[in-house]
Amino acid sequence: MAKYLLLKHYRGAPAAVNDVPMDQWTPEEISAHIQYMNDFAARLEKTGEFVDSQALAPEGNWVRYDGEGRPPVTDGPFAETKDVIAGWMIIDVDSYERAVELAGELSAAPGAGGKPIHEWLELRPFLHAAPTITECLIHG
C-alpha cells in the first residue's frame, strides 16, 4: 500500500469546469458538496483506503524559530496560502492508478447548481524514506 495526499485548492490550480467560488454557493449546495465528500470518505473507510481528511480554516500565520530563548516569530496571514489550500485527504492504496482513479472521483463533488465541479486535485505521494542529500541537491 502507498499513501497519497489529495490537496484541494481554492485557487492556484487550473480552473474547474464548474468554476463558481464556494462563497457564491447556496447553503444547500455547500451541504451537498460536504455530504459527497463525507460519503466518499466513508466508502473508503470500508475498503481500508481512507487514512484521514480535514478542511482548513482560512486564517493562518507563518511561524519560525527566532533563536535560543526568544519566542517564535509570526508573520501573515498570507492570502496566497489561505486562499489556495482548502483541505486535504490522505488515502492508502495499492497503486498510483488507484490513487488517480479516486482523485478523479473526488473531483466530481457537486458545486454550484448541484453540478459536478470537476476541480483539479493535487495528488502527491508520501515519501517512504527521507530523501538523501544527493536527491535534495538534484530536486532542491
Side-chain angles (χ1 to χ4, degrees):
M1 300 281 278
K3 288 185 181 158
Y4 289 86
L5 176 66
L6 301 173
L7 276 175
K8 187 175 182 68
H9 294 265
Y10 283 124
R11 291 190 303 204
V17 173
N18 185 0
D19 195 23
V20 178
M22 189 179 262
D23 63 359
Q24 296 176 21
W25 297 2
T26 66
E28 294 79 18
E29 291 166 342
I30 293 171
S31 292
H33 181 78
I34 292 169
Q35 187 62 54
Y36 181 97
M37 291 190 298
N38 287 340
D39 291 346
F40 180 82
R43 196 184 78 222
L44 294 185
E45 283 179 337
K46 290 179 183 173
T47 65
E49 296 173 305
F50 178 81
V51 177
D52 197 7
S53 68
Q54 192 66 52
L56 298 175
E59 306 83 27
N61 287 301
W62 289 95
V63 178
R64 72 173 171 86
Y65 175 75
D66 199 36
E68 188 66 37
R70 299 177 70 181
V73 175
T74 61
D75 195 6
F78 295 99
E80 66 270 14
T81 300
K82 71 177 184 177
D83 289 342
V84 172
I85 301 174
W88 50 266
M89 179 179 286
I90 299 171
I91 57 175
D92 193 0
V93 295
D94 289 328
S95 67
Y96 170 77
E97 290 75 21
R98 177 65 175 156
V100 169
E101 176 186 342
L102 292 174
E105 187 177 334
L106 187 58
S107 151
K115 296 178 182 172
I117 299 172
H118 297 287
E119 67 183 324
W120 290 92
L121 298 174
E122 186 176 352
L123 177 64
R124 299 191 55 188
F126 278 54
L127 292 175
H128 296 290
T132 66
I133 292 173
T134 304
E135 290 170 327
C136 289
L137 292 173
I138 291 170
H139 299 292

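In this text, all values refer to a predicted model and were calculated from it rather than measured experimentally. When reading the values below, keep in mind they use all heavy atoms of this one structure, side chains included, and skip hydrogens, waters and symmetry mates.
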Would Tyr4 and Asp92 satisfy side chain to side chain contact (heavy atoms under 4.5 Å, CB included), going step by step from the backbone distance to the final call? CA-CA 6 Å; Tyr4 289 86; Asp92 193 0; over 6 Å; no
Partners meeting side-chain contact (heavy atoms from CB on, under 4.5 Å) with Thr47 (sequence neighbours left out): Leu44, Glu49
Does Met1 belong to the same Ile/Leu/Val/Met/Phe/Trp/Tyr cluster as Ile91, with side-chain heavy atoms less than 4.5 Å apart forming each link? no
May I ask you to say whether Arg43 pairs ionically with Glu45, meaning some side-chain N is under 4.0 Å from a carboxylate O? no
Does Val93 reach the side chain of Leu102, with side-chain heavy atoms less than 4.5 Å apart? yes
Where is the tightest heavy-atom contact between Pro116 and Ala108, given as atom of each residue plus distance? CB-O, 3.4 Å
Under the 3.5 angstrom rule, does the side chain of Asn18 hit a backbone N or O of Ala112 as a donor-acceptor pair? yes
Answer yes or no: does atom OH of Tyr96 have more than 12 heavy-atom neighbours from other residues, nucleotides or ligands under 6.0 Å? no
Same cluster for Val20 and Trp120 if Ile/Leu/Val/Met/Phe/Trp/Tyr side chains link at under 4.5 Å? no
Cationic N near anionic O, under 4.0 Å, Asp94 to Arg98: no
Please say yes or no: joined through hydrophobic side-chain contacts below 4.5 Å, possibly via intermediate residues, are Ile90 and Leu121 part of one cluster? no
Taking Lys115 first and then Glu29, would you say they form a salt bridge - that is, a charged N and a carboxylate O separated by under 4.0 Å? no
Any side-chain to backbone donor/acceptor pair from Ser107 onto Ala103? Under 3.5 Å, distance only. no
Step-by-step side chain to side chain contact (heavy atoms under 4.5 Å, CB included) determination, Trp88 to Lys8: CA-CA 6 Å; Trp88 50 266; Lys8 187 175 182 68; over 6 Å; no
Would Leu106 and Leu6 count as a side chain to side chain contact (heavy atoms under 4.5 Å, CB included) here? Give the steps. CA-CA 9 Å; Leu106 187 58; Leu6 301 173; 4.0 Å; yes
Among residues two or more places apart or on two chains, list those pairs meeting ring pair (Phe, Tyr, Trp, His ring centres under 6.0 Å) that have a residue in residues 20-46. Trp25-His33
Would you name the heavy atoms of Ala32 and Pro110 that are closest together and state the gap between them? O-CG, 3.7 Å
Cluster overlap Leu123 with Met89, hydrophobic side-chain contacts below 4.5 Å: yes
